[in-house]
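Remarks on the structure that follows.
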Amino acid sequence: VDAGAFVVDLTAKQVTRGEVPVHLTPTEWGILELLVRNEGKLVGQKDILSTVWGPKYLNQTNYLRVYLASLRRKLGDSAVAGRFIRTVRGVGYRMGDGQPRGASDER
C-alpha cells in the first residue's frame, strides 16, 4: 500500500519511508496493519484495542494515544496534520488520504 510518504508491505510486514525501512514494534505494526486493511473506514477504539491487545483492554484508550503518537512520528505524521492517520475523537481512527487536514474533517 503506497501512502505517498511511506509504503506498507503487508506480506513482508515492512514499512519504508523513501528507501529507508521504518522499525515498528509489534504493537505499532498491529495498529497500522488494522488501519491499512480498513483504509478509508473508521476503525473504532475498542476494535483496535481488542484486536491488538485483547478483550481485557477495551477501556485502555491511553494505550492507543501513546502508540498512535509513536506510530505517527515514525511515519512522518502528527495528530494535528492528520495526513495519514485521522482521529475521530472519542470514536476511533482511519487511514487518511495523505492530504493535510481540512476544515471539513472530523477531529
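Every heavy atom of this structure was used, including side-chain atoms; hydrogens, water molecules and symmetry mates were not. Numbers here are sequence positions counted from 1.
- Listed by chain and number, the residues in a side-chain contact (heavy atoms from CB on, under 4.5 Å) with Ala5 are Arg83, Phe84 (sequence neighbours excluded).
- Under the side-chain contact (heavy atoms from CB on, under 4.5 Å) criterion, Asn59 pairs with Lys46, sequence neighbours left out.
- Exactly one residue among Asn38, Leu32, Leu34 makes a side chain to side chain contact (heavy atoms under 4.5 Å, CB included) with Met95. That residue is Leu32.
- The backbone N or O of Ala12 sits less than 3.5 Å from a side-chain atom of Asp9, completing a donor-acceptor pair.
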Query raised in the report: Under the side-chain contact (heavy atoms from CB on, under 4.5 Å) criterion, do Asn62 and Tyr67 qualify, and how do the steps go?
Result: CA-CA 9 Å; Asn62 57 316; Tyr67 278 92; over 6 Å; no
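- Residues passing the side-chain contact (heavy atoms from CB on, under 4.5 Å) test with Asp47 are Val43, sequence neighbours excluded.
- Note: the hydrophobic cluster containing Leu58 does not contain Val88 (ILVMFWY, side chain heavy atoms under 4.5 Å, direct or indirect links).
- A donor atom on one side chain and an acceptor atom on the other are found under 3.5 Å apart for Arg72 and Thr87.
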Report task. Apply side-chain contact (heavy atoms from CB on, under 4.5 Å) to the pair Leu64 and Tyr93, showing each step before the final yes or no. Result -> CA-CA 10 Å; Leu64 275 181; Tyr93 303 88; 3.9 Å; yes
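- For the pair Arg94 and Leu35, the minimum side-chain heavy-atom distance is 4.5 Å or more.
- Between Leu42 and Val91 the shortest side-chain heavy-atom distance falls below 4.5 Å.
- Val66 meets the side-chain contact (heavy atoms from CB on, under 4.5 Å) test with no other residue; sequence neighbours excluded.
- Using cut-offs of 30° and 60° for the angle between ring planes, the Tyr63 and Tyr57 rings count as tilted.
- Atoms CD1 and CG, from Ile85 and Leu68 in turn, are 5.5 Å apart once rounded to the nearest 0.5 Å.
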Requested in this report: Go through Val1 and Glu39 one step at a time and tell me if the side-chain contact (heavy atoms from CB on, under 4.5 Å) criterion holds.
Outcome: CA-CA 10 Å; Val1 177; Glu39 187 174 7; 3.9 Å; yes
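- In this structure, Val7 is not a member of the same hydrophobic cluster as Leu75, with clusters built from ILVMFWY side-chain heavy atoms closer than 4.5 Å.
- The salt bridge (Lys or Arg N to Asp or Glu O under 4.0 Å) pairs that include a residue from residues 20-29 are Glu28-Lys74, where partners are two or more places apart or lie in different chains.
- Under the side-chain hydrogen bond (donor to acceptor under 3.5 Å, both in side chains) criterion, Trp29 pairs with Glu33, sequence neighbours left out.
- Of the inter-residue distances, the one linking Gln45 atom CD with Arg65 atom CZ reads 7.5 Å to the nearest 0.5 angstrom.
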